[in-house]
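Note that ligands are numbered from 1 as they come in the structure, with each ligand's atoms numbered from 1 the same way. The first residue of the sequence shown is numbered 1, and numbering continues consecutively from there.
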Amino acid sequence: MKATHVMIGTLLAGLSLQACAEQGNFKEEAERLVSQLTLEEKASLTSGRDAWSTQPIERLDIPYIWVADGPHGLRRAPSTDTWGYGDQAPATCFPTASALSATWDRDLLFKTGQALGEEAQALGVNVLLGPGVNIKRSPLGGRNFEYFSEDPVLAGELAAAYVNGVQSKGVGTSLKHYAANNQETERMFMNSHVDDRTLNEIYLTPFEITVRKSQPWTVMACYNRVQGTYGSQSFDLLDRKLKQDWGFEGIVISDWDAVIDRVEGIRAGLHLEMPGKPGHLTNRDVIDAVRSGDLDEARLDQLVTELLTIVLRANASAETDADQKLDGHHAFARKVASQAIVLLKNDAGLLPLSRENYSDIAVIGEFAVSPRYQGNGSSEVKPPRVDNFLDVAGAEYGGGIRLHYAQGYRLDDDRDFSLIAEAKQAAAEADVALVFAGLPQQYESEGIDRTHIDLPPAHNRLISELASVQENLVVVLTNGSAVAMPWVDEVPSIVEAWLGGQAGAGAVADVVFGAVNPSGRLAETFPVRLQDTPAYLNFPGESGESIYGERIFVGYRYFEARQIEPLFPFGHGLSYTSFDYSGMDVSAGQFSDTEGLTVTATIRNSGEVAGKEVVQLYVSDLESRLQRPVKELKGFTKLSLAPGESREVRFTLDARDFSYYDPRQAQWVAESGEFEIGVGASSADIRLKKTVRLESTQELNYAFDEFTFFRVLWEDGQTRPLLIDLMPGWIGSQAGPGQPLEEVEIHGFLLDQPLIKFPFFTAGEVSSEQIAGLIEKANEMTYRP
Ligand code: BGC
């Protein structure tokens, strides 16, 4: 089928669109069109036509584009002006982002993106609204299932692979929700009160990595305020960071109904308000602002040119007669889900189950027949089919075994314990029991944060009761984000299956019966209790203010700094085989920020079966001017090894991997000093370490102000002479008889006074103006961090 709007668009655009597609020169064509547009038309282009499309201008053959949710499948409404909840076109439901990230597999994310791109092409969608790279600040975040990780590097790297995959098929993406959109409570209004350093190091970095490595066609501005300004109106975020610093070439679209002030949005760099407003009332605001001189028309022209560049490009790359490949994608979705499964615990090698050892298997829990496979909200995909474990296991692994199902609990009543007795009997009579437990739909959703991390009471009690009668008990979890496991010590095996998409049940069967060796790793820390988590006291804030008081100590950065033992650490995941780490080498013991560092190590599959290992590299700053996390993930790679096979892994680190964001300097700073490089199998399982020394070549200007302490300038050999020049009398008065001024020991009380106090302390020897002059002079000097 040829997508209708593409047909119209192509007909309208005629030769000119075709010609510019051939030359790839969409920008020139966009400029030409803008020069012919009226002010009213330009204003209309910066708001949607309806729910899911941009404004076409027939007079000039300007086509529209169709955007649709995402991110783990297409939620394409029947038409651009209907909402598509329930009546969306059937599309493959892939595992949600928490599962995708647990694969730690860039290549697989790229291929998942390609599959999504193919489906978008077949459904006539030009831009897929995803992926979401917001950091999982708290396990309570209602949309955590839709986000990748608590770690900015992991989230950014995987998102970039996904975006590159989708866009390789001629379909755009929308990187969302930019930025610091980490909660659902009051999401339309709340202020993410986050300091500059934390914003840059934790919350912006995944966006930056994705933009730099994949140039998403669009970025979606968030609902919330960031440092007091709405994301859709923040010049700092939309222009300074995104365009000027990171070189973003695409357009910014608003989250749905996020826009408060369109004129302010355009000034800040918001290209498109979505969805279009009934009667397009807000277009008037833009027209009036230009007419009154309040908004520079050149700014509007710039944004419309950039927008049309994407519109033209999207239409030119739209395919006709694309195949949605639903069958092939079902099989692929199963593969993806199988790679995402994290084997959290497997005492005495209970898994994989084998026919020789187990012929009667109790399968317990309603999720085994009625799986929860995706999250609630705008990302809901309508899959053409959904597998369930009981059927798949029976059909594909049933030979020689008998499966005995018991419901165990009711998904619509989390406190109904009446089904436990029957389940216990089934478990007691079997050789092994698999219990499917997790979060029912009403427990996690877009728009609502969780208030606790517990499983339903009926699930928790069921698991404990089963453990009392069956020692071969496997818990299979269905959930989009971390949950507490009060029964963790009572059960030998735990399989984290996430929200695994329409084919997730088959993936569980593949892992449980050993057709797939699990290789997923946690992309988020699982805490023992909610009280142990970083944002516990600050999430979700109150009175519209969410204070990011834990600062950069998010996820494992917090658990490690506080020495709190998590339930399962970041990066953790078991395998049916084992891996040896050896032969770590670094390109140099001492290196500069411009040279960077290469790290190599050898990984060997030392077990009996083939398997995949996720090798993780962490950097620790051993001495630093600013407080730093114990260690931070800076590299990872997934490799597949046959039994006995070894392979060398290689990581290349650059200055950024050693830097912190210095809020005073408003830039990244790589400080000279010692760093420890750790290579291991999880954040808590570092197998190899080496200490290296970085010699910084960065030249920074001092950034002093009147509140800088006297001590800072006095203890610096470069700036001490400036003080001596300025206040020789006062410094002399602190000196012993005949002591040169350079060697004076100034009283600690005075050292810890800010410069602003010195007109007072020197009894008028220096004036406020002279202190201002001193600061100016000092700030012209440079230093090496
Ligand atoms: C969500 C976005 C989504 C949009 C369109 C918003 O409420 O935050 O993620 O893409 O709706 O459905």
Return the protein residues near ligand 1 (heavy atom under 4.0 Å from any of its atoms), ordered by chain and residue number.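 Heavy-atom contacts below 4.0 Å: Trp52, Asp69, Arg75, Leu129, Arg143, Lys176, His177, Arg187, Met220, Tyr223, Asp255, Trp256, Ser378, Glu446.
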
Does Pro131 reach the side chain of Phe148, with side-chain heavy atoms less than 4.5 Å apart?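 Answer yes - side chains close enough.
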
Return the set of residues passing side-chain hydrogen bond (donor to acceptor under 3.5 Å, both in side chains) with Gln302 (not counting sequence neighbours), or none when no residue passes.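 For Gln302, the residues satisfying side-chain hydrogen bond (donor to acceptor under 3.5 Å, both in side chains) (neighbours in sequence not counted) are Arg299, Glu306.
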
Who passes ring-ring contact (aromatic ring centres under 6.0 Å, His included) against Phe145, sequence neighbours left out?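 Phe145: no ring-ring contact (aromatic ring centres under 6.0 Å, His included) contacts found.
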
By ring-ring contact (aromatic ring centres under 6.0 Å, His included), which residues pair with Phe332, not counting sequence neighbours?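 With sequence neighbours excluded, Phe332 shows a ring-ring contact (aromatic ring centres under 6.0 Å, His included) to no residue whatsoever.
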
Under-4.0 Å salt bridge between Lys243 and Glu249: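 Salt bridge flag = no for Glu249 with Lys243.
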
Checking Ser138 against Arg450 for the side chain to side chain donor-acceptor pair (under 3.5 Å) test, could you report, in this order, the C-alpha distance in whole Å, the side-chain angles of both residues, the deciding distance, and whether it holds? CA-CA 10 Å; Ser138 162; Arg450 291 195 290 168; over 6 Å; no

